[in-house]
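One structure below.
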Amino acid sequence: MNGVCNVQPSRFIRTTSPEHKRAVDQFWRTIESKGHIRLGKYKGWYSVVDEAFYSAHQVEPDPGNPANMRAVETGSAVEEYTEDNYMFNLNAMKGKVREWLLSSPTTVYPSVYRHQVLSFLDDADLPDLSVSRLRSSLAWGIPVPTNENHTIYVWMDALVNYLTALGYPDQLTGTLDTHVIGKDILKFHAVYWPAFLLAAGLNPPRRILVHGHWTVAGAKMSKSVGNVVDPLVEADDVGSDLLRFYLLKEARLGSDADFSHKRRDAAISELANNFGNLLSRSTGKRVNPTNTYPPLADVKLTQREQHVADVINNTQRRVQELYASGDVGLGIEEILHCLREGNKYFQEMEPWKLAKLKDDAAAQHRRLACLYTTYELLRVVSLLLCPVTPAISAACLDKLAVAPSNGSAFCQSLAFSYNKGGHALKPGAITLIQRR
RNA sequence: GGCGGCGUAGCUCAGCUGGUCAGAGCGGGGAUCUCAUAAGUCCCAGGUCGGAGGUUCGAGUCCUCCCGCCGCCA
């Protein structure tokens, strides 16, 4: 999946790796030694028919026989079940977790989820959390370091991943910055995980970024319904760049998005028409016979060019903000707006007409200014789209014959006229994006 | 049952602390340039801003109630 979608994790941790086991082991010892975890009794309900455990509020008295209990969801008979479990005292950490949440308006972003978490913490009494299972019923996890008859419950084990990545329990190589999660695992990340960290004397993450889910025709995807969209098939169909573009453009934090091929293809065509086609029409032989990126020094910029420059600079500033806050879809809308301005400008300048006035020096100056300005716009847009459509961005920059800057120079390179031009474009016509 | 949120042009949605807020994009309809991937550009949506009251000189924008969705919790 990562390979097909062109995603390279800087570090991928398996929970079976020795480093991870060492981290979990130490994490548990720390919390337990500080008195946050104690051996207790887990009380619940078990249905033999459903082969499932239920908590107290998932069961109800059987109307036919009120002495017995049944599962609310399935109506199956359940029996009480108790097991020795290690329990984490969530109540004790409630105040500190709340303090962390309130320390910044974006600890949990967007605010819908922040409110959910805060209201959850408002409950007077939070139940203790069961953080282990008997080894006899759960043999494959990491054992409780201080009691080999117990296994650390999987999600606690899994959360410690984030610390393993920072080298825990050795000197940490950084801080927990942003956890990007789906809304289904909000409570684990925004309540339990910070509680564990604070219990261990560590800092919670700077921010938890929560996204919604994809639906199909308004319905959840599920195997039984058979409406599951396979990202591998999709990537094979339109390519990973355009799949990423569509998904990132349409998804909005705080709400679900609906997947459809119609919308997907519309999004792709929109990008092809406004971005790909702008590159083609501005690098064609008729408007740019010498196939060069005009030198800034030879170009006279008028108010019209200055307006485009302002659009470019505003766009890159806005997009940086929106990417940073996690609102990638809104950032992409800004980029599309910028491209529309570019097409509008190109249309107004009519460089194809100017090109025919070979003996008119003023016309040629205007044509070069138009090309330079359009290329700058395309260059900046390519850079801004790098995280979304890396291959397409690279192809556009390649055609414009400019190399992307790295490090701190990258942000500077997002400004209009950072590139001084005066070099040849890569020869040959280009179809950047195939429209659908 | 408790608490959040949502309900704005066919679709997806912007509209922060009340007075150019009645908008954007897409789709659809019309016109037009011809450089380009038949792409681009321009014009067209008269929508009771879910409903009813209230506060105000003035309310999608604040308050109350109601209707319809959805989320979290119980």
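Lettering of chains follows the sequences in order, A, B, ..., and the numbering in each one begins at 1.
At a threshold of 4.0 angstrom between heavy atoms, the contacts of A/I433 include nucleobase atoms, whether or not backbone atoms are also involved. Note on A/S119: nothing from the nucleic acid sits closer than 4.0 angstrom, heavy atoms only. At the heavy-atom level, A/Y113 lies nowhere under 4.0 Å from the strands shown. A/G276 comes within contact range of at least one nucleobase, with a heavy-atom separation under 4.0 Å.
Side chain of A/R340, nearest nucleotide from B/G25, B/U37, B/C35: B/G25. Here the side chain of A/R286 is nearest to one of B/G71, B/A36, B/C42, namely B/A36. With distances taken from any side-chain atom of A/N343 to the nucleotides B/U41, B/C35, B/C73, the minimum falls on B/U41. You'll find that the side chain of A/E270 is closest to B/G25, out of B/A36, B/G25, B/C33. When distances are taken from the side chain of A/K187 to each of B/C72, B/U37, B/C73, the shortest belongs to B/C73. Closest contact between the side chain of A/N273 and the listed nucleotides B/C35, B/A36, B/A39 involves B/A39. Proximity note for A/L432 (side chain, C-beta onward) versus B/C26, B/C33, B/U37: the nearest is B/U37. The side chain of A/W352 approaches B/C33 more closely than any other nucleotide in the set B/G4, B/C33, B/U41.
Separating the C1' atom of B/C70 from that of B/C26 is a span of 25 Å, rounded to the nearest Å. For B/G25 and B/G58, the P atoms lie 34 Å apart once the distance is rounded to whole Å. To the nearest whole angstrom, the two P atoms, one in B/C49 and one in B/C43, are 27 Å apart. Nucleotides B/G51 and B/G60 are separated by 11 Å at their P atoms, to the nearest Å. Taking atom C1' on both B/A22 and B/U64, the two are 25 Å apart, rounded to the nearest angstrom. Across the P atoms, B/G5 and B/C16 are found 14 Å apart, a figure rounded to whole Å. Straight-line distance between the C1' atoms of B/C73 and B/C67: roughly 24 Å, to the nearest whole Å. Remark: the separation of the C1' atoms in B/U61 and B/U8 is 12 Å, to the nearest Å.
B/A74 atom P lies 12 Å from atom CG of A/L121, rounded to whole Å. When the P atom of B/G5 is taken as reference, atom NZ of A/K183 falls 17 Å away, rounded to whole Å. Separating the CD atom of A/Q434 from the P atom of B/A39 is a distance of 12 Å, rounded to the nearest angstrom. Taking atom CZ of residue A/F245 and atom C1' of nucleotide B/C26, one finds them 12 Å apart after rounding to whole Å. Following rounding to the nearest Å, A/K353 (NZ) and B/U41 (P) show an atom-to-atom distance of 16 Å. Rounded to whole Å, the distance from CG on A/L378 to C1' on B/C35 is 14 Å. With rounding to whole Å, A/L186 atom CG is found 12 Å from B/C73 atom C1'. Note: CD1 (A/I430) to P (B/U37) measures 12 Å, nearest angstrom.
Within the structure, a side-chain polar atom (N or O) of A/R435 is placed less than 4.0 Å from OP1 or OP2 of B/A39. Contact annotation: A/R281 side-chain N/O to B/C35 OP1/OP2 distance is not under 4.0 Å. Under 4.0 angstrom from either OP1 or OP2 of B/U12 there lies no side-chain N or O belonging to A/K249. Residue A/K262 places none of its side-chain N or O atoms closer than 4.0 Å to OP1 or OP2 of B/C26.
Map A/E350 and A/T431 each onto its nearest nucleotide of RNA chain B; the residue landing nearer the 5' end is A/E350. With RNA chain B read from its 5' end, the first of the two nearest nucleotides for A/E333 and A/E250 is the one closest to A/E250.
A side-chain donor-acceptor contact under 3.5 Å links A/R435 and A/N273. Between the side chains of A/Q316 and A/N314, not a single donor N or O lies within less than 3.5 Å of an accepting N or O. Side-chain contact, A/N343 with A/R281: a donor N or O sits under 3.5 Å from an acceptor N or O.
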Using Watson-Crick or G-U wobble pairs with both distances under 3.5 Å, give me RNA chain B in dot-bracket, 5' to 3', with [ ] for crossers and | for pairs to another strand.
(((.(((..((((.........)))).(((((.......))))).....(((((.......)))))))).))).

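Using bins of under 30°, 30° to 60° and over 60° for the plane-to-plane angle, the ring pair A/Y81/A/Y46 lands in the tilted bin. Ring-plane geometry between A/F27 and A/Y168 is classed as perpendicular, the angle between the planes exceeding 60 degrees on a 0 to 90 degree scale with a lower cut at 30.
The side chain to side chain contact (heavy atoms under 4.5 Å, CB included) check on A/N85 picks up A/Y42, A/E83, A/M87, A/S130, A/S132, A/R133, with sequence neighbours excluded. When the ring-ring contact (aromatic ring centres under 6.0 Å, His included) test is applied to A/F245, no partner is found at least two apart in sequence or on another chain.
Contact check on A/R436 versus A/D237 returns a salt bridge, with a Lys/Arg side-chain nitrogen under 4.0 Å from an Asp/Glu carboxylate oxygen. Salt-bridge annotation for A/E80 and A/K43: absent, with no side-chain N of the basic residue lying under 4.0 Å from a carboxylate O of the acidic one.
Put simply, the side chain of A/R207 gets close to the backbone of A/S325: a donor and an acceptor are under 3.5 Å apart.
Glycosidic conformation of B/G25 is anti; the angle lies outside 90° of 0. With a glycosidic angle further than 90° from 0, B/G28 counts as anti.
Checked by distance alone, A/Q347 brings a side-chain donor or acceptor within 3.5 Å of a matching partner on the base of B/C33.
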